[in-house]
**Student:** 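Can you keep this structure in mind? I'll have questions shortly.
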Amino acid sequence: MRPTECTPVSFKDLLESWRQSAAAPRTARSYAVRLPVDDAAQLAALADMFPGRAPEQLISELLTVALKELAAAMPYVAGKRVISTDEYGDPVYEDIGPTPRFIELARSDRRALAAAPPRTRRARAAKKKRRSRS
């Protein structure tokens, strides 16, 4: 996420943003998904409530908020290595839970998505998928 982008951090903020502003810029890459019927009905209701937003924009913005909440919900798992001390002088241990891996993978994937043209990204993803299966 770029620091200059204004992205809501909660579903309440997201609703307010829909009332007040335009959508943030998007990547060239698109994702096709088939929604469960109930989710599609709720998406249609949101599109009716916020006619300035296309269903795809709503999906994208909902996903942004959901991913932020998912990252925030990942558990901290204290490692053995002390990385700093808190304001009381107590040790702060490195996080060996899923958060550091998630952050590093997301940074790496963001760099790849920003740098490569769409066809190259698809070929790289297919190659990566083949490597992970072996």
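Only this structure's heavy atoms are used, side chains among them; waters, hydrogens and symmetry mates stay out.
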**Student:** Heavy atoms only: give me the nearest P75-P98 pair and the separation to one decimal.
**Tutor:**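 Nearest pair, atom of P75 first, then P98: O-CD, 3.6 Å.
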**Student:** For V82, what are the other residues in its hydrophobic cluster, where any two members join if their side-chain heavy atoms are less than 4.5 angstrom apart?
**Tutor:** Y76, Y93
**Student:** Identify the heavy atoms of T85 and V92 that sit nearest to each other, and give their distance.
**Tutor:** C-CG2, 3.9 Å
**Student:** Cluster question for you: counting only ILVMFWY and a side-chain heavy-atom cut-off of under 4.5 Å, with indirect links fine, are I59 and F50 together?
**Tutor:**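 Yes, one cluster joins them.
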**Student:** Just jot down the side-chain contact (heavy atoms from CB on, under 4.5 Å) partners of L63, sequence neighbours excluded, or say none.
**Tutor:** L67
**Student:** Starting from V33, can I reach L62 by hopping between I/L/V/M/F/W/Y residues whose side chains sit under 4.5 Å apart?
**Tutor:**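 Yes, one cluster joins them.
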**Student:** Please tell me if the side chains of Q42 and L46 come closer than 4.5 Å, counting only heavy atoms from C-beta onward.
**Tutor:**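 They are not in contact (no side-chain heavy atoms under 4.5 Å apart), so the answer is no.
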**Student:** Tell me, which pairs form a salt bridge (Lys or Arg N to Asp or Glu O under 4.0 Å) where one or both residues lie in residues 82-103, sequence neighbours left out?
**Tutor:** R81-E94
**Student:** Any salt bridge (Lys or Arg N to Asp or Glu O under 4.0 Å) pairs touching residues 38-48, not counting sequence neighbours?
**Tutor:**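 Those involving residues 38-48 do not exist here.
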**Student:** Can M74 be reached from I96 by stepping across I, L, V, M, F, W or Y side chains whose heavy atoms are under 4.5 Å apart?
**Tutor:**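 No: no chain of side-chain contacts under 4.5 Å links I96 to M74.
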**Student:** Applying side-chain contact (heavy atoms from CB on, under 4.5 Å), can you list everything that pairs with A54, at least two apart in sequence or on another chain?
**Tutor:**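 side-chain contact (heavy atoms from CB on, under 4.5 Å) list for A54, sorted by chain: E56, Q57.
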